[in-house]
Amino acid sequence: MNQKRIVLDTDPGIDDSVAILLALASPEVSLEGLSVVHGNSSTAQGTINALSVLELAKANHISVYKGCDLPLVQPSLLAPETHGHTGLGYAKLSAPLSQPKGQKGSDFLIERIMSSPGEITLVAIGPLTNIALAIRQEPRIVENVKEVFIMGGAIRHEGNTTPLAEFNTFVDPHAAHIVFHSGMPITLTPLDVTYQCVFLKDDLNRLLKIDSPITKFIADATRFYMEFHDEYQKIDGCVINDPLTMALTFMPELCDYQDLYVDVDLSGGLSMGKTFADFYRMTKKPANIKVALGVRPRDFMELFLERMVKLAKFIS
Ligand code: BDR
Ligand code: CA
């Protein structure tokens, strides 16, 4: 099988960690390295989380690179109420034995994309700071990356961080602006589709039939995430945004798409960080992003559960 070569930029994060596990459990993709960015927790904490999750899944051969710890312009905004103080909810993983590599996250992205022109699929599931820095530092990555999958934005959906804005685009809207207008071939997974993908207690109970450190981790991490969704959004279960984005890299038919001109508001008012699409072509600007706007949620969830069962049986 011709595996997709994936480089992941992430802010682990409960759903980020589960997206890492999904990549590791999916033979269609090969995870070549992780760059960590601020977001759900600090970059230092997210780096520890990335290393620990890889070790949990016996994948510590995959290198982790520390990226930027601050948004480009905005002050830092972390999300302990959503992901817990460590970023992994109630999960307590052993401190990692491995260390991050010395190279900076954005340098790693540049080096990997430029050394394999047209071959690297970049998946970005946190604020886009590292990607924007990499574009500014080496603009040729725009032509040399194969494709970019981004979890971010809320097109017709309400925001999850402000009434209008989604977390990843709100935390670093200037970075999102650079990336969206870079010319990279982007597929966007906004809240419009991720909020239809709710991981239910019944789904968790199916996983818990297997006694494995993987299922225990998923249970401990998502219990916190479910409590957050119940308390703040009255959702029964939890929305696993980042794994859906990962799944689209190898199963694009889970979603329906529209090519649209998409932008992000930087005006500093109530809609700061809000993403919007020009559905009626009023701006006459060409489409810059392929946006997922429809999804088959249970197909995705069955895929996700099947892959987690497989990984859990392997790691016991
Ligand atoms: C995004 O923000 C974070 O809470 C999640 O990890 C996801 O990437 C959803 O808005
Ligand atoms: Ca994330």
Side-chain angles (χ1 to χ4, degrees), residues 8 10-29 31 40-41 46 48-60 62 79-96 125 151 193-248 250-251 254 295-316:
L8 178 66
T10 172
D11 60 332
I14 295 170
D15 59 335
D16 296 77
S17 302
V18 180
I20 294 170
L21 296 181
L22 178 61
L24 296 175
S26 297
E28 300 89 343
V29 302
L31 190 53
N40 293 323
S41 55
I48 292 171
N49 295 346
L51 292 165
S52 295
V53 169
L54 289 171
E55 286 184 13
L56 172 80
K58 302 203 190 317
N60 48 347
I62 297 174
E81 71 296 337
T82 315
H83 294 265
H85 286 288
T86 66
L88 298 181
Y90 295 123
K92 292 209 181 342
L93 295 181
S94 329
I125 55 178
M151 191 287 124
V193 282
T194 65
Y195 262 64
Q196 297 182 52
C197 298
V198 180
F199 179 66
L200 303 168
K201 289 200 182 87
D202 281 355
D203 296 322
L204 177 60
N205 289 336
R206 270 169 70 182
L207 290 183
L208 283 173
K209 288 190 184 134
I210 301 154
D211 181 20
S212 152
I214 297 288
T215 50
K216 180 171 169 24
F217 170 71
I218 296 174
D220 292 344
T222 57
R223 190 156 42 88
F224 187 95
Y225 210 29
M226 287 186 188
E227 286 173 10
F228 163 81
H229 281 78
D230 180 32
E231 185 181 339
Y232 288 81
Q233 302 174 348
K234 297 284 163 273
I235 291 173
D236 193 15
C238 60
V239 178
I240 49 171
N241 310 276
D242 296 338
L244 176 65
T245 308
M246 182 59 73
L248 294 186
F250 60 89
M251 208 168 276
L254 290 171
V295 61
R296 282 162 276 289
R298 285 315 302 177
D299 289 357
F300 161 66
M301 209 53 80
E302 289 303 323
L303 167 83
F304 173 71
L305 292 172
E306 173 216 304
R307 299 293 162 97
M308 289 306 100
V309 164
K310 197 179 87 182
L311 187 66
K313 285 185 175 160
F314 181 64
I315 314 273
S316 49

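For S52 (side chain) and A95 (main-chain N/O), no donor-acceptor pair under 3.5 Å exists by modelled atom type. For S212 (side chain) and S316 (main-chain N/O), no donor-acceptor pair under 3.5 Å exists by modelled atom type.
Side-chain contact check for D236 versus L200: every heavy-atom pair is 4.5 Å or farther apart. Taking the side chain as every heavy atom from C-beta outward, L303 and F250 approach each other to under 4.5 Å. Contact annotation: the side chain of N241 approaches that of Y195 to within less than 4.5 Å [non-hydrogen atoms, C-beta and beyond]. Here the side chains of M226 and F199 are in contact, with some heavy-atom distance below 4.5 Å. Taking 4.5 Å as the limit, every side-chain heavy atom of C197 sits out of range of all side-chain heavy atoms of T194. A 4.5 Å side-chain heavy-atom check between D230 and I235 finds every atom pair outside the cut-off.
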Q. Do V53 and D16 pass the side-chain contact (heavy atoms from CB on, under 4.5 Å) test, and can you show the C-alpha distance, the side-chain angles, and the key distance before you say yes or no?
A. CA-CA 10 Å; V53 169; D16 296 77; over 6 Å; no
(Q) Would D242 and V18 count as a side-chain contact (heavy atoms from CB on, under 4.5 Å) here? Give the steps. (A) CA-CA 8 Å; D242 296 338; V18 180; over 6 Å; no
Q: Take V295 and L244 through the test side-chain contact (heavy atoms from CB on, under 4.5 Å) and record every step on the way to the result.
A: CA-CA 10 Å; V295 61; L244 176 65; 4.2 Å; yes
Q: Quick one: do R296 and E302 satisfy salt bridge (charged side-chain N to carboxylate O under 4.0 Å, His left out)? Show the steps, please.
A: CA-CA 10 Å; R296 282 162 276 289; E302 289 303 323; over 6 Å; no
Q: Determine, step by step, whether L88 and S17 satisfy the side-chain contact (heavy atoms from CB on, under 4.5 Å) criterion, reporting the C-alpha distance in whole Å, the side-chain angles of both residues, the deciding distance to 0.1 Å, and the verdict.
A: CA-CA 8 Å; L88 298 181; S17 302; 3.1 Å; yes
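Atoms NZ and SG, from K201 and C238 in turn, are 9.5 Å apart once rounded to the nearest 0.5 Å. The CZ atom of R223 sits 10.5 Å away from atom CD1 of I14, with the distance rounded to the nearest 0.5 Å. Atom CD of E227 is separated from atom OH of Y232 by 11.5 Å, given to the nearest 0.5 angstrom. L54 CG to L24 CG: the interatomic distance, rounded to the nearest 0.5 Å, is 6.0 Å. Distance CE/M151 to CG/L248: 11.0 Å, rounded to 0.5 Å.
Nearest heavy atoms, M301 versus D203: CG-OD2, 3.7 Å. Of all non-hydrogen atoms in K310 and P27, the two that sit nearest each other are NZ-CD, 3.6 Å. Taking both residues in full, the closest heavy atoms of A19 and I125 are given as CB-CD1, 3.9 Å, listed atom of the first, atom of the second, then distance. The nearest pair of heavy atoms linking S41 to P12 is OG-O, 3.5 Å. Contact record, V239 with H229: N-NE2, 3.3 Å, taken as the closest heavy-atom pair. N49 and G13 get closest at one heavy-atom pair: ND2-N, 4.3 Å.
When the side-chain contact (heavy atoms from CB on, under 4.5 Å) test is applied to A79, the partners found at least two apart in sequence or on another chain are N40, E81, T82, H83, F167. When the side-chain contact (heavy atoms from CB on, under 4.5 Å) test is applied to V309, the partners found at least two apart in sequence or on another chain are L207, I210, K313. When the ring pair (Phe, Tyr, Trp, His ring centres under 6.0 Å) test is applied to F217, no partner is found at least two apart in sequence or on another chain. Listed by chain and number, the residues in a ring pair (Phe, Tyr, Trp, His ring centres under 6.0 Å) with F314 amount to none (sequence neighbours excluded). Qualifying side-chain contact (heavy atoms from CB on, under 4.5 Å) partners for K92, counting only residues two or more places apart in sequence or in other chains: none. In this structure Q196 satisfies the side chain to side chain donor-acceptor pair (under 3.5 Å) test with no other residue, sequence neighbours excluded.
Between L311 and the choices I218, L22, T215, I214, the side chain to side chain contact (heavy atoms under 4.5 Å, CB included) rule is met once, by I214.
Sparse packing is recorded around CG of D211, with 12 or fewer heavy atoms of other residues, nucleotides or ligands lying under 6.0 Å away.
Between Y90 and F224, the two ring planes are perpendicular [angle over 60°; tilted spans 30° to 60°]. By the 30° and 60° cut-offs, the orientation of the rings of Y225 relative to F228 is parallel.
Residues R206 and E306 are not paired through a salt bridge, judged by the lack of any N-O separation under 4.0 Å between the basic side chain and the carboxylate.
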